[in-house]
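See below for the structure under consideration.
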Protein chains: 2
Amino acid sequence: MGKLILDKGPKLVDVANAAGVSKGTASNVFNRPEIVSKEVRERVLAAAASIGYSGPDPKGRLLSAGKVNAIGVATVEPLGYFFTDPFARVLMTGITEACDANGTGISLVSAANEDELIWNVRNALVDGFILFCLEGAERLIDLSRERQLPFVALAFGHRDETISVVAVDNVEGARVAARHMAELGHRDFAVLAMEFQEGGFGRATPERIARSTFSASGDRVKGYLDELASWNIDTSSIPIFETLAGEATVHPALEELFSSPTPPTALLAQSDRIAFIALDWLRARGISVPGDVSVIGFDGVPECERSTPPLTTIQQPIAEIGRRAVKAILDHGHEVWRETLDVELAVRKSTAPPPARRIR
Amino acid sequence: MGKLILDKGPKLVDVANAAGVSKGTASNVFNRPEIVSKEVRERVLAAAASIGYSGPDPKGRLLSAGKVNAIGVATVEPLGYFFTDPFARVLMTGITEACDANGTGISLVSAANEDELIWNVRNALVDGFILFCLEGAERLIDLSRERQLPFVALAFGHRDETISVVAVDNVEGARVAARHMAELGHRDFAVLAMEFQEGGFGRATPERIARSTFSASGDRVKGYLDELASWNIDTSSIPIFETLAGEATVHPALEELFSSPTPPTALLAQSDRIAFIALDWLRARGISVPGDVSVIGFDGVPECERSTPPLTTIQQPIAEIGRRAVKAILDHGHEVWRETLDVELAVRKSTAPPPARRIR
DNA sequence: GCGTATCTTTGAACCGGTTCAAAACCTTCA
DNA sequence: TGAAGGTTTTGAACCGGTTCAAAGATACGC
């Protein structure tokens, strides 16, 4: 039947035997050559070469070493998300920087489907996880906790005080956004929000917002309304639309808003992505931004500078979040590490005072 | 001194003891629960829960399983390269797609410095490597070969016939580029090439090109010249500048070319990146593209559509290269797998017939 | 009551290394 | 010649699981 025996490749013990030394000594030759006598060292190396052994297999080392020297970055999205989504990319830049500085590798773990996610998180060979918490945050967090490895949740603040989180102050960021609009003179607002609960969209009631599972969206609404209330604006009449940051859910919201006799002059978008969709829709409708309506985003992805018009937004320190997350894992391990970073208003061309006829 | 004993966490054997079963049975409970009697299964699970054991550690499994279920993507650049470089990003998109489809993870391995590269490649926990061969390809290939894992080299064709490669036909691509220009009527060419040898730049002699270590750049020159020769153009007088795809080396080349009394009307850039730099420089100089000079790139990164003017280029099937590379590793393992994909001419706005006064 | 077929569980071998206390070996010096 | 001191090497224990042939248990048919 020919050569069916697949050569399993030589192991350290084979080298040791071939060189006539103990396994311990052979191991030392590869890891701490300086403590082995030159003579023996050369003999072992020669033996290794002659039987085709090219150094210890990391799989073996791993078990006793304990450390993998890599951190896992996990999300519920397909893996491509890390390379296509603007926010993710900038974040990854920060993560990679910190990892490079520490000589740590990166493992991308994701999931095409639920089962895979579970398998991937359970079996990822990593020393810790950075969780990209979009939707499905709960699952991801539960699974990570099961692994009993250090992990830190990102981007989405999470109400659970027992897990490590690196995030921005969403309430404050939203306040700044609303204040910017109010200072420009706007009084007619509408909010294009992210999901409050898994898969939700459409006009949102205060109750739904209060019960939001995704704290970022809830917090941002709170920030907007708190600030506007301080300007004596009747916040109860501000329409809030929940969206999935896709055209399918953003367009209907805009449709409804701008078919009103008094459409908003200020659009508070909870993410740049939503804002871009709005910008496109408004342009297609011939509604001028910022002439007729001002739009402000949230996040500060690089694309803001290239949109038409360039998007005014709340700039998150995206890369810094990534760097801090790595630090949290590497330096703080299992200890609960919660960090809140500051955001900044980045004024571009999508905001201006409301049209003269609408100033109240 | 308080609790200095760090709890090493319960192991499978602890669970087995606690439940009064053998290690083998305990293992089965987690991996093939269906072959264990319900009664025992529940007892083991209960024992696990009570001592805080949450499933087998993948580090342990790894050794006997053999497969990591992840492939490594290696480059000599810092890790951030994967997320910032346009070519790399598209490539990674293809790689991730194929990995997702196979339930395979991705490990990014890179190197801040030489030592780290060595350590990383030697110790990466992966089932195979995809090598992003830019400069330093040799090192990377040698190191990968040492690991005795399947690996495939990308993008840069490599002359060594014994390694697996997924690449495009650089000679043919370059011919197509040159033909496009020739068909438009151009007769005065200049080539902005990539490195022929590590770190090289400046006007390149035929000898240097012939000795090029990086075959892609050499092959592309060959393609350009072969094609132009067939149009009865004196290829020996075509200036060829080696660059590092940065302004520092591209600008001087352009400076020299366009200070000549008869500057080229057709610029053959060996990469889009070089072409973009040329576009910027030409615009700054007030030289019209494609009015005064036509520019064609190579690669086909998405940015081509957004440059001013949009760049005519040779489109590589970048994502497909990534997909094939994964397939090569996963389906063909150690067998030598060489694949050459076709490129396509993508005509945009940076090429046009030469200025009337220059038609010969 | 007993042999047989089926279902469970066991226990030892194995995956490929690292580690470290103790043993062996070498020098040096009184 | 022997004790002290330094340098190498050894070998067993360990890292945390998986696997599989064989033993043990249980059910079934006659």
Side-chain angles (χ1 to χ4, degrees), chain A residues 6-45 47-48 51-69 122-127 147-149, chain B residues 6-45 47-48 51-69 122-127 147-149:
Chain A
L6 68 148
D7 198 339
K8 292 266 342 351
K11 318 192 282 190
L12 186 61
V13 64
D14 300 324
V15 175
N17 290 340
V21 299
S22 75
K23 209 159 59 124
T25 299
S27 174
N28 283 334
V29 167
F30 291 101
N31 297 303
R32 301 129 83 194
E34 68 282 1
I35 74 164
V36 178
S37 72
K38 180 163 180 257
E39 184 194 23
V40 170
R41 195 190 321 144
E42 282 168 359
R43 184 149 44 92
V44 171
L45 256 15
I51 66 176
Y53 180 86
S54 53
D57 183 335
K59 290 206 279 292
R61 189 211 313 287
L62 178 59
L63 210 40
S64 32
K67 277 214 139 318
V68 179
N69 244 289
R122 289 224 173 108
N123 294 284
L125 291 162
V126 298
D127 300 321
R147 270 301 293 275
Q148 308 192 157
L149 288 176
Chain B
L6 69 147
D7 197 341
K8 294 267 338 351
K11 318 193 281 191
L12 187 61
V13 63
D14 300 324
V15 175
N17 290 340
V21 300
S22 75
K23 208 160 59 122
T25 299
S27 175
N28 283 334
V29 167
F30 292 101
N31 297 303
R32 302 131 80 195
E34 68 282 2
I35 73 164
V36 178
S37 71
K38 181 162 178 257
E39 184 196 23
V40 171
R41 194 190 321 143
E42 282 168 0
R43 184 148 44 91
V44 171
L45 255 15
I51 66 176
Y53 179 85
S54 52
D57 183 335
K59 292 207 279 291
R61 187 208 317 285
L62 177 59
L63 211 40
S64 32
K67 278 212 139 316
V68 179
N69 245 286
R122 289 223 173 110
N123 294 284
L125 290 162
V126 298
D127 300 322
R147 268 303 291 276
Q148 309 192 154
L149 288 177

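Each chain gets a letter, A, B and so on, in the order its sequence line appears, and its residues count up from 1.
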Range on DNA chain D touched by chain A, heavy atoms, distance below 4.0 Å: dT8(D) to dG16(D)
Sugar-phosphate, base or nothing in reach of Lys59(B), heavy atoms under 4.0 Å: nothing
Touch class at under 4.0 angstrom, heavy-atom based, for Val40(A) against every strand present: sugar-phosphate
Salt bridge Arg43(B)-Glu39(B), side-chain N to carboxylate O under 4.0 Å: no
OG1 on Thr25(B) to CZ on Arg41(B), rounded to 0.5 Å: 12.5 Å
Straight-line distance of Leu62(B) CG to Leu125(A) CG, nearest 0.5 Å: 5.5 Å
Gly52(B) versus Pro10(B), closest heavy-atom pair with distance: O-CG, 3.3 Å
Nearest heavy atoms of Asp14(A) and Gly9(A), plus distance in Å: OD2-O, 4.4 Å
From CA spacing to verdict: side-chain contact (heavy atoms from CB on, under 4.5 Å), Val68(A), Asp127(A): CA-CA 6 Å; Val68(A) 179; Asp127(A) 300 321; 3.4 Å; yes
Qualifying salt bridge (charged side-chain N to carboxylate O under 4.0 Å, His left out) pairs with a residue from residues 52-65 of chain A, counting only residues at least two apart or across chains: Asp57(A)-Lys59(A)
Angle between terminal axes - the helix from dG1(C)-dC30(D) to dA30(C)-dT1(D), 5 pairs each end, rounded to 10°: 60°
Most 5' of Gly24(B) and Lys38(B) on DNA chain C, judged by nearest nucleotide: Lys38(B)
Strand-adjacent residues in residues 28-37 of chain B, judged by heavy atoms under 4.0 Å from DNA chain C: Val36(B), Ser37(B)
Under the side chain to side chain donor-acceptor pair (under 3.5 Å) test, residues paired with Ser64(A) that sit two or more places apart: none
Qualifying residues under side chain to side chain donor-acceptor pair (under 3.5 Å), relative to Asn28(A), sequence neighbours excluded: Arg32(A)
Distance in angstrom units between Arg43(B) CZ and dT8(C) P, rounded: 14 Å
Residue pair Val21(A), Val44(A): steps toward the side-chain contact (heavy atoms from CB on, under 4.5 Å) verdict: CA-CA 8 Å; Val21(A) 299; Val44(A) 171; 3.9 Å; yes
